[in-house]
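Order of the sequence lines sets the chain letters (A, B, ...), proteins ahead of strands, with each chain counted from 1. The analysis underlying the following values was restricted to heavy atoms, covering all of them including side chains, and did not include hydrogens, waters or symmetry mates.
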There are 2 protein chains.
Amino acid sequence: MRLSTRGHYGLKAMFDLAQNYGSGPISLKTVAERQNLSDHYLEQLIAMLRKAGLVKSMRGAKGGYFLAREPSKIKVGDVIRALEGPIAPVHCVSEKDPGSCNEADYCITRTVWVRVRDGLAELLDSITLADLCLKAEETNKC
Amino acid sequence: MRLSTRGHYGLKAMFDLAQNYGSGPISLKTVAERQNLSDHYLEQLIAMLRKAGLVKSMRGAKGGYFLAREPSKIKVGDVIRALEGPIAPVHCVSEKDPGSCNEADYCITRTVWVRVRDGLAELLDSITLADLCLKAEETNKC
DNA sequence: GCATATCATAGCATGGCACTAGGGTATTGT
DNA sequence: ACAATACCCTAGTGCCATGCTATGATATGC
């Protein structure tokens, strides 16, 4: 029941961009250093986020990445889905392409996984990047 | 964000044993056929469940497996933990042995994973094998 | 004592993960 | 113009967990 590092690192990076939202593009190297990640690996992750339409980029010197829309409009669930694929504790209850399970009609344990999937999705979609920034401010005040 | 087949198959097997609770030991082969699983593979899974104290066994002819206690006393969370290890979306928030994350104090994204872990644990611990058996009876009535 | 079961260990192919390597292309400051 | 800086893209690679299979030993009922 574990996330890969893609979702783990990716959310860190997105949170970093959210905290710097509005101050122009941030270079990949800056994010990587600040969040303590391999910059080359992070490059691939952020490419996925870009293709999912969550971040935009500017090439060339002084270029970098920035959020495609404001932090309050980006849910944690969006980030996770972009990096880890559709939410699905087991294949036969995947959010997308439910898979061909010919026991689906009468399989009782399947109902467990449906509840897990929905609970997970609801939780991840209830938190936005803005929420995290807010929390960061509060913690720094102490 | 996916379960391995261990938890998937394992719960199926435990549900099968729960439905036959009280009628003596059930042979592995029977469970495997009924739930459409590789019997040799299932053998390893049920060994883990036995070591976790969730099922008991009787050797020899007419032997087999049976639940160590009544279905209402076994939570889905117990089964999953026995087969998949402690619940932990990412390593640094594992239920057991939280891992050495030196950013734990100030890492904001970590709070997300704590909530995921707790939500998941709460959900899985709120469902017992007896609940599943009850649901199975209801569905058959239709 | 034989058929039927559980028990235990070992091995093995596959695939995904977590990177690394090495190039190309666009933009900026001088 | 031209370097420096950054994004962009594709391959490749070592490692480890997963999902089994194989083989044999041990225990029990009839």
Indicate the atoms forming the closest heavy-atom contact of A:Arg117 with A:Ser94, along with that distance.
NH1-O, 4.1 Å

Please find the pair of heavy atoms, one from A:Leu49 and one from A:Gly10, that lie closest to each other, and give the distance.
CD1-O, 4.4 Å

Taking DNA chain D as the partner, which of residues 38-54 of chain B come within under 4.0 angstrom of it by heavy atom?
B:Ser38, B:His40, B:Tyr41, B:Gln44

Just distance, no hydrogens or angles: give the donor-acceptor pairs under 3.5 Å from side chains in residues 127-136 of chain B, sequence neighbours left out.
{"unit_1": "B:Thr128", "atom_1": "OG1", "unit_2": "B:Ala130", "atom_2": "N", "d": "3.3"}
{"unit_1": "B:Thr128", "atom_1": "OG1", "unit_2": "B:Asp131", "atom_2": "N", "d": "3.2"}
{"unit_1": "B:Thr128", "atom_1": "OG1", "unit_2": "B:Asp131", "atom_2": "OD2", "d": "3.2"}
{"unit_1": "B:Asp131", "atom_1": "OD2", "unit_2": "B:Thr128", "atom_2": "N", "d": "2.8"}

All N/O pairs under 3.5 Å across the protein-nucleotides 27-30 of chain D interface:
{"unit_1": "D:dT28", "atom_1": "O2", "unit_2": "B:Ala61", "atom_2": "N", "d": "3.1"}

Under 3.5 Å donor-acceptor pairs involving side-chain atoms of residues 73-84 of chain A, not counting sequence neighbours:
{"unit_1": "A:Asp78", "atom_1": "OD2", "unit_2": "A:Lys75", "atom_2": "N", "d": "3.0"}
{"unit_1": "A:Arg81", "atom_1": "NE", "unit_2": "A:Glu95", "atom_2": "OE1", "d": "2.9"}
{"unit_1": "A:Arg81", "atom_1": "NE", "unit_2": "A:Glu95", "atom_2": "OE2", "d": "3.4"}
{"unit_1": "A:Arg81", "atom_1": "NH1", "unit_2": "A:Gly77", "atom_2": "O", "d": "3.3"}
{"unit_1": "A:Arg81", "atom_1": "NH1", "unit_2": "A:Asp125", "atom_2": "OD1", "d": "3.1"}
{"unit_1": "A:Arg81", "atom_1": "NH2", "unit_2": "A:Glu95", "atom_2": "OE2", "d": "3.1"}
{"unit_1": "A:Arg81", "atom_1": "NH2", "unit_2": "A:Asp125", "atom_2": "OD2", "d": "2.9"}
{"unit_1": "A:Glu84", "atom_1": "OE1", "unit_2": "A:Ser4", "atom_2": "OG", "d": "3.4"}
{"unit_1": "A:Glu84", "atom_1": "OE2", "unit_2": "A:Ser4", "atom_2": "N", "d": "3.3"}
{"unit_1": "A:Glu84", "atom_1": "OE2", "unit_2": "A:Ser4", "atom_2": "OG", "d": "2.7"}
{"unit_1": "A:Glu84", "atom_1": "OE2", "unit_2": "A:Gly7", "atom_2": "N", "d": "2.9"}

Pairs where residues 3-15 of chain A contributes a residue and the test salt bridge (Lys or Arg N to Asp or Glu O under 4.0 Å) is met, not counting sequence neighbours:
A:Lys12-B:Glu103

N/O donor-acceptor pairs under 3.5 Å from side chains in residues 52-68 of chain B, not counting sequence neighbours:
none

So which heavy atom on B:Ser126 is nearest to which on A:Arg115, and how close?
OG-NH2, 4.0 Å

The first and last nucleotides of DNA chain C lying within contact of chain B, meaning any atom under 4.0 Å from one of its heavy atoms, run from C:dT4 to C:dA10

Rounded to the nearest 0.5 Å, the CZ atom of B:Arg50 sits from the CD1 atom of B:Ile46 at a distance of 9.5 Å

For the student: nearest non-hydrogen atoms of A:Arg110 and A:Cys92, plus distance
NH2-O, 3.3 Å

With heavy-atom distances below 4.5 Å as the criterion, would you say the side chains of B:Glu137 and B:Asn140 are in contact?
no

Does a side-chain N or O of A:Ser27 approach OP1 or OP2 of D:dT5 to a distance below 4.0 Å, or not?
no

Name every residue in residues 5-13 of chain B that has at least one heavy atom under 4.0 Å from any atom of DNA chain D, in order of residue number, or write none if there are no such residues.
B:Thr5, B:Arg6, B:Tyr9

Check DNA chain D against residues 16-23 of chain A and give the residues with a non-hydrogen atom under 4.0 Å, in numerical order.
none

Between the two ends of the helix from C:dG1-D:dC30 to C:dT30-D:dA1, what is the bend in degrees, rounded to 10 degrees, where each end axis spans five pairs?
10°

Run the side-chain donor-acceptor check on residues 15-28 of chain B: report pairs under 3.5 Å with partners two or more places apart or on a different chain.
{"unit_1": "B:Asp16", "atom_1": "OD1", "unit_2": "B:Asn20", "atom_2": "ND2", "d": "3.4"}
{"unit_1": "B:Asp16", "atom_1": "OD1", "unit_2": "B:Arg34", "atom_2": "NE", "d": "3.4"}
{"unit_1": "B:Asp16", "atom_1": "OD1", "unit_2": "B:Arg34", "atom_2": "NH2", "d": "2.8"}
{"unit_1": "B:Asp16", "atom_1": "OD2", "unit_2": "B:Arg34", "atom_2": "NE", "d": "3.0"}
{"unit_1": "B:Asp16", "atom_1": "OD2", "unit_2": "B:Gln35", "atom_2": "NE2", "d": "2.9"}
{"unit_1": "B:Asn20", "atom_1": "ND2", "unit_2": "B:Asp16", "atom_2": "O", "d": "2.8"}
{"unit_1": "B:Tyr21", "atom_1": "OH", "unit_2": "B:Glu70", "atom_2": "N", "d": "3.4"}
{"unit_1": "B:Ser23", "atom_1": "OG", "unit_2": "B:Asn20", "atom_2": "O", "d": "2.7"}
{"unit_1": "B:Ser27", "atom_1": "OG", "unit_2": "B:Thr30", "atom_2": "N", "d": "3.2"}
{"unit_1": "B:Ser27", "atom_1": "OG", "unit_2": "B:Thr30", "atom_2": "OG1", "d": "2.7"}

